[in-house]
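What follows is a single structure, written as structure tokens, with notes after it.
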Amino acid sequence: MEISNSSTPPTTVTQVFPGRCSSLEKIAEFVRTAAQQAGLDDFATYQVETAVDEACSNIIEHAYQNTEGEIICTCREEIDRLIITLQDQGQPFDGSNIPEPDLCCDLESRSNHGLGLYFMRKWMDEVRFEYDPALGNKLTMIKRKEK
Amino acid sequence: MEISNSSTPPTTVTQVFPGRCSSLEKIAEFVRTAAQQAGLDDFATYQVETAVDEACSNIIEHAYQNTEGEIICTCREEIDRLIITLQDQGQPFDGSNIPEPDLCCDLESRSNHGLGLYFMRKWMDEVRFEYDPALGNKLTMIKRKEK
Amino acid sequence: MEINTTTYKRCDLITVTGRIDSATAPQLSDTLNALMEEGRFRFVLDLSGTTFLSSAGLRVLINTQKNCKRYNRGEVVLACVPPNIHAALDLSGFVPLFRFFNDVITAVGNI
Amino acid sequence: MEINTTTYKRCDLITVTGRIDSATAPQLSDTLNALMEEGRFRFVLDLSGTTFLSSAGLRVLINTQKNCKRYNRGEVVLACVPPNIHAALDLSGFVPLFRFFNDVITAVGNI
Ligand SMILES: Nc1ncnc2c1ncn2[C@@H]1O[C@H](COP(=O)(O)OP(=O)(O)O)[C@@H](O)[C@H]1O
Ligand SMILES: Nc1ncnc2c1ncn2[C@@H]1O[C@H](COP(=O)(O)OP(=O)(O)O)[C@@H](O)[C@H]1O
């Protein structure tokens with residue numbers, strides 16, 4: 001399913017993906033295309049792709065815990081920003097209170113976890129978690145266009 | 001000085017070079033061109049180039065012993081062969097009786113000398129040394145064209 | 001993702017082409033673990049053809065680096081890291097934990 | 001002839017472009033001797049761009065190989081040897097005295 005309206009902002013495209021790791025590449029392509037069409041440069045596009053990949057990986061692993069489920073991905077281009085929303089019906093989750101990982105330089109004591117949310121926060125301009133018992137989790141991530 | 005006659009065999013080109021190591025590259029070019037024009041393939045051309053380089057290096061090092069002198073190089077293409085002659089006014093030399101080097105496989109006992117004449121003999125079809133008190137040394141090397 | 005492994009006397013060269021994400025990172029992890037089980041702990045990772053690296057891939061890198069450096073028995077070094085991926089490594093604080101080389105020969109020669 | 005030297009932790013990569021004949025072999029010899037005087041005895045000779053090798057060059061190769069292999073301290077290996085030059089090495093009986101590699105990375109990784 002792909003819904004798209006006019007070609008000048010605001011433009012909205014939505015696609016539904018099975019909540020499986022094998023969807024990640026297709027989700028990346030979908031989001032990359034939207035970011036490019038929104039005029040983001042290569043690095044900003046890569047940042048968006050990373051944030052979405054991390055968010056979807058968490059949905060698959062933590063929210064659905066590797067059981068069946070869907071991820072609804074919407075990319076909305078506004079004049080000055082790209083807004084990505086990811087919706088799932090998995091376990092409710094609010095990432096806002098999860099602390100930043102400790103990026104100490106000592107190899108042995110470095111944790112190998114906690115980078116996903118960190119990438120999302122650092123590389124997107126806004127990250128918002130919402131939960132609605134009827135609609136499920138809704139994660140909104142915003143990338144502003146360069147002025 | 002370059003003398004050349006008609007373009008179908010027999011064809012003869014002659015060039016005189018200073019008997020110095022810095023001439024070797026130019027001699028190689030001269031001989032390579034003659035070999036290519038005689039229709040020799042790349043490897044046969046490389047073999048001729050090597051034999052001539054070894055012969056001229058010996059003239060420079062041993063016959064002239066690094067003093068001044070000339071090398072007269074003549075390339076004569078006949079229907080079935082390329083004949084190269086090298087003439088010098090250095091110390092008389094007849095290489096026909098110099099034995100083949102010992103190519104034993106043991107690194108420590110391998111001599112680092114004696115490969116020059118060996119290359120000339122192995123890669124040319126005929127190698128002939130002549131000495132004339134008036135004309136000096138004349139080395140003739142023949143490479144047959146492939147049938 | 002495609003993984004190519006070349007075993008040298010001195011080290012193994014692992015060339016990873018394509019995406020390293022949650023779907024493919026386990027395959028990279030398996031490859032490296034299998035080599036470490038054979039007692040091989042010097043890895044040059046050629047990332048020139050790697051188009052994407054997520055935290056799942058970073059996890060494999062850090063785990064392997066920890067394992068290799070233990071007992072001073074080896075090291076993971078990174079070669080030909082594309083700018084986007086370098087930015088991800090940098091943001092994660094991984095830059096001080098790995099040696100980086102601009103080309104594979106230099107990496108293989110210096111590991 | 002042009003000689004380029006790259007020093008790695010493990011070895012030196014010597015790239016020789018052009019002709020190695022009586023005129024130029026001394027320069028190659030000087031380069032290698034200078035490195036050996038610094039205590040470096042592992043050489044990868046990249047001959048991909050070498051167009052000609054006479055017995056003067058062969059002499060440098062064998063002298064350097066003898067010097068490097070003494071006391072088991074090193075080795076000369078040959079990389080990317082063009083067919084004509086391989087034929088000369090073969091005719092001279094040098095093939096059993098050197099290890100040959102088809103590419104520089106493999107040579108650097110295996111020396
Ligand atoms: N969508 C989600 N649903 C449930 N829990 C989540 C979700 N996303 C993240 N989490 C929790 O937050 C933690 C931190 O996530 P993250 O920063 O992506 O690092 P990692 O996945 O490497 O642990 C996870 O370990 C998990 O416990
Ligand atoms: N043109 C020459 N004039 C005088 N002596 C020569 C000449 N060519 C070769 N020789 C002698 O023959 C020996 C063998 O020559 P060669 O096979 O080319 O090997 P190398 O030059 O490495 O000694 C030389 O060492 C030299 O003594």
Side-chain angles (χ1 to χ4, degrees), chain A residues 17-29 31-32 35 40-66 71 98 100-124, chain C residues 1-2 16-30 32-33 41 43 47 50-78 81-99:
Chain A
F17 299 91
R20 292 195 285 267
C21 281
S22 57
S23 299
L24 290 170
E25 185 162 1
K26 287 177 200 95
I27 295 171
E29 277 161 27
V31 168
R32 195 186 316 129
L40 297 185
D41 69 17
D42 282 353
F43 183 53
T45 300
Y46 187 80
Q47 291 176 312
V48 171
E49 190 181 326
T50 300
V52 170
D53 183 279
E54 297 294 348
C56 291
S57 296
N58 279 342
I59 292 171
I60 294 160
E61 189 189 346
H62 302 298
Y64 286 131
Q65 300 184 24
N66 295 305
I71 298 174
I98 300 220
E100 279 203 4
D102 180 9
L103 305 186
C104 64
C105 280
D106 169 29
L107 180 67
E108 269 310 319
S109 45
R110 254 307 286 263
S111 161
N112 61 10
H113 273 280
L115 287 172
L117 286 171
Y118 183 68
F119 271 119
M120 290 155 61
R121 286 184 187 130
K122 288 283 175 183
W123 275 1
M124 300 299 280
Chain C
M1 185 186 62
E2 197 186 306
V16 186
T17 315
R19 293 170 52 85
I20 311 179
D21 60 14
S22 304
T24 59
Q27 193 188 329
L28 178 60
S29 178
D30 290 350
L32 292 165
N33 287 337
F41 297 101
F43 299 118
L47 301 185
T50 306
T51 52
F52 182 79
L53 176 68
S54 77
S55 67
L58 291 168
R59 209 170 296 140
V60 175
L61 294 189
I62 194 96
N63 291 344
T64 309
Q65 184 70 304
K66 281 183 185 175
N67 201 341
C68 285
K69 287 217 165 171
R70 205 162 292 151
Y71 317 121
N72 232 358
R73 62 190 169 188
E75 182 182 7
V76 177
V77 304
L78 306 178
V81 178
N84 287 342
I85 288 174
H86 192 276
L89 290 160
D90 193 21
L91 183 61
S92 319
F94 275 32
V95 170
L97 307 179
F98 293 85
R99 287 196 294 155

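Here is the naming used below: chain letters follow the sequence lines, and residue numbers restart at 1 for every chain.
Using a 4.5 Å cut-off between heavy atoms, C/Asn63 touches chain A through its side chain atoms alone. Neither the backbone nor the side chain of C/Leu61 comes within contact range of chain A; no heavy atom of the residue lies under 4.5 Å from a heavy atom of that chain. Looking at C/Leu91, both its backbone and its side chain come within 4.5 Å of chain A, counting heavy atoms on both sides.
Taking C/Pro83, C/Ser54, C/Ser55 one by one and counting their heavy-atom pairs under 4.5 Å with chain A, the maximum is reached by C/Ser55. The most heavy-atom pairs under 4.5 Å with chain A, out of C/Val95, C/Val60, C/Ile62, come from C/Ile62. Comparing C/Ser92, C/Ala87, C/Ala56, C/Gly18 by heavy-atom pairs within less than 4.5 Å of chain A, the highest count is held by C/Ser92.
The two residues C/Leu58 and C/Phe94 come nearest to each other via the heavy atoms O-CE2, 3.3 Å. Of all heavy-atom pairs spanning C/Leu97 and C/Gln65, the tightest one is O-NE2, 2.8 Å.
We find the CD1-CG distance between C/Ile20 and C/Leu28 to be 5.5 Å, quoted to the nearest 0.5 Å.
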Q: List the steps, then state whether side-chain contact (heavy atoms from CB on, under 4.5 Å) holds for A/Leu24 with A/Phe17.
A: CA-CA 9 Å; A/Leu24 290 170; A/Phe17 299 91; over 6 Å; no
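Under a 3.5 Å cut-off, the side chain of C/Thr24 and the backbone N or O of C/Arg19 do form a donor-acceptor pair. With hydrogens and angles disregarded, no donor-acceptor distance shorter than 3.5 Å links the side chain of C/Ser22 to the backbone of A/Cys21. No donor-acceptor pair under 3.5 Å is formed between the side chain of C/Lys69 and the backbone N or O of A/Glu108.
The aromatic rings of A/Phe119 and A/Trp123 sit tilted relative to each other, their planes meeting at an angle between 30° and 60°.
Donor-acceptor pairing under 3.5 Å is lacking for the side chains of C/Thr64 and C/Asn67.
Contact residues of residues 47-58 of chain A toward chain C are A/Glu49, A/Thr50, A/Asp53, A/Glu54, A/Ser57 (heavy-atom distance under 4.5 Å).
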